[in-house]
Amino acid sequence: MDINALREEQIDKASQVVRHDDMPFEQPAFIAGADVGFEQGGDVTRAALVVLAYPSLELVEYRVARIPTVMPYIPGFLSFRESPALLAAWEMLSHRPELLFVDGHGVSHPRRLGVASHFGLLVNVPTIGVAKKRLCGQVAPLAAEVGSQQPLMDRSEQIGWVWRSKARCNPLFVSTGHRVAIDSALLWVMRCMRGYRLPEPTRWADAVASNRPAFQRWQRQHRL
DNA sequence: GCGACAG
DNA sequence: ATCTTGTCGC
């Protein structure tokens with residue numbers, strides 16, 4: 001794997017990312033969430049995709065894809081490692097979500113092509129990046145109150161929002177993935193909150209990927 | 001050279 | 001990301 005070639009590819013693809021709203025819907029019927037994990041000591045990449053009805057935010061579909069891991073984790077190149085599995089899971093979906101929340105950054109990336117942007121471009125779907133940690137950029141101190149927010153700045157441009165989604169919890173890093181404006185991205189995340197630190201699409205994707213009790217309960221009353 | 005560094 | 005028990009606090 002040639003990091004320099006990948007870097008060039010990022011620069012090229014970043015120029016194709018759409019940072020304004022280009023969502024063909026008044027109100028989406030389905031919003032999806034994506035999360036990627038690893039098994040077998042990292043040899044297997046596991047991608048979980050969930051589809052929630054909007055605005056009820058009820059889980060209506062979930063898919064998990066497992067493929068051989070293609071690349072090691074290198075900060076700044078996460079999308080090349082996770083996209084293949086995400087694509088496999090995406091092709092298994094029976095629903096057609098109008099919006100997708102991806103676990104990780106969107107344009108708040110050194111070359112403006114985080115996994116949310118890269119994948120959004122790949123499947124041409126509006127995406128939003130929801131990350132739990134900063135990758136690049138600077139932020140002013142964030143107030144302790146729930147709801148406080150600060151722009152994430154890098155090279156004199158705003159690349160995202162740092163938002164305290166819940167009291168006493170670390171903030172979320174929200175950014176444009178593809179076809180969703182930066183302010184809209186934060187608004188959509190806000191609309192998908194149900195009292196937890198993470199928005200429902202991301203939270204469910206994580207629950208499915210890790211087979212959490214909440215997901216096991218859902219399965220029990222929807223399959224048996 | 002040193003520190004930072006999504007998942 | 002993953003390996004892992006208890007523990008402090010609302």
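Remember, predicted model here, so these are calculated numbers, not experimental data. The chains referred to below are lettered A, B, ... by the order of the sequence lines, with proteins before strands, and numbering in each begins at 1.
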Please determine if A:Arg81 forms a cation-pi arrangement with A:Phe38, meaning its NZ or CZ atom is less than 6.0 Å from the six-membered ring centre and no more than 45° off the ring axis.
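Yes - A:Arg81 lies over the ring of A:Phe38, closer than 6.0 Å to its centre and within 45° of its axis.
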Rounded distance in Å - [atom1] ([X]) to [atom2] ([N]):
{"X": "A:Lys132", "N": "B:dG7", "atom1": "NZ", "atom2": "C1'", "answer": "8 Å"}
{"X": "A:Gln10", "N": "B:dA6", "atom1": "CD", "atom2": "P", "answer": "14 Å"}
{"X": "A:His118", "N": "B:dA6", "atom1": "NE2", "atom2": "P", "answer": "19 Å"}
{"X": "A:Arg46", "N": "B:dG7", "atom1": "CZ", "atom2": "P", "answer": "15 Å"}
{"X": "A:Ile74", "N": "C:dA1", "atom1": "CD1", "atom2": "P", "answer": "18 Å"}
{"X": "A:Leu172", "N": "B:dA6", "atom1": "CG", "atom2": "P", "answer": "15 Å"}
{"X": "A:Lys133", "N": "C:dT2", "atom1": "NZ", "atom2": "P", "answer": "12 Å"}
{"X": "A:Lys166", "N": "C:dG9", "atom1": "NZ", "atom2": "P", "answer": "16 Å"}

When we call it a touch if two heavy atoms are under 4.0 Å apart, what does [X] touch: a base, just sugar-phosphate, or nothing?
{"X": "A:Gly114", "answer": "base"}
{"X": "A:Gly42", "answer": "nothing"}
{"X": "A:Phe38", "answer": "sugar-phosphate"}
{"X": "A:Phe77", "answer": "base"}
{"X": "A:Arg81", "answer": "base"}

For A:Phe173 and B:dA6, is the gap between ring centres under 5.5 Å while the planes differ by less than 30°?
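A stacking contact does not exist, since A:Phe173 is not both close and nearly parallel to the base ring of B:dA6.
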Closest-nucleotide ordering on DNA chain C, the 5'-leading residue of A:Arg168 and A:Ala209
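Comparing both residues, the 5'-ward one is A:Ala209.
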Nearest-nucleotide pick for [X], side chain only, options being [options]:
{"X": "A:Arg134", "options": "C:dT2, B:dC5, C:dA1", "answer": "B:dC5"}
{"X": "A:Leu78", "options": "B:dC5, B:dG7, C:dT2", "answer": "B:dG7"}
{"X": "A:His105", "options": "B:dG7, B:dA6, C:dT2", "answer": "B:dA6"}

Quick check on side-chain contact (heavy atoms from CB on, under 4.5 Å): which of A:Asp22, A:Thr127, A:Leu99 does A:Val180 satisfy it with?
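When A:Asp22, A:Thr127, A:Leu99 are each tested with A:Val180, the side-chain contact (heavy atoms from CB on, under 4.5 Å) holds only for A:Leu99.
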Would you check if A:Arg179 and A:Val17 make a side-chain contact, meaning some heavy-atom pair closer than 4.5 Å?
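In short, these two side chains do not touch, never coming nearer than 4.5 Å.
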A:Arg203 side chain vs A:Tyr196 backbone, donor-acceptor pair below 3.5 Å:
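No, A:Arg203 side chain to A:Tyr196 backbone: no donor-acceptor pair under 3.5 Å.
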Within the side chain of A:Ser175, is there an N or O that forms a donor-acceptor pair under 3.5 Å with the backbone of A:His105?
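Here the side-chain-to-backbone pair does not exist.
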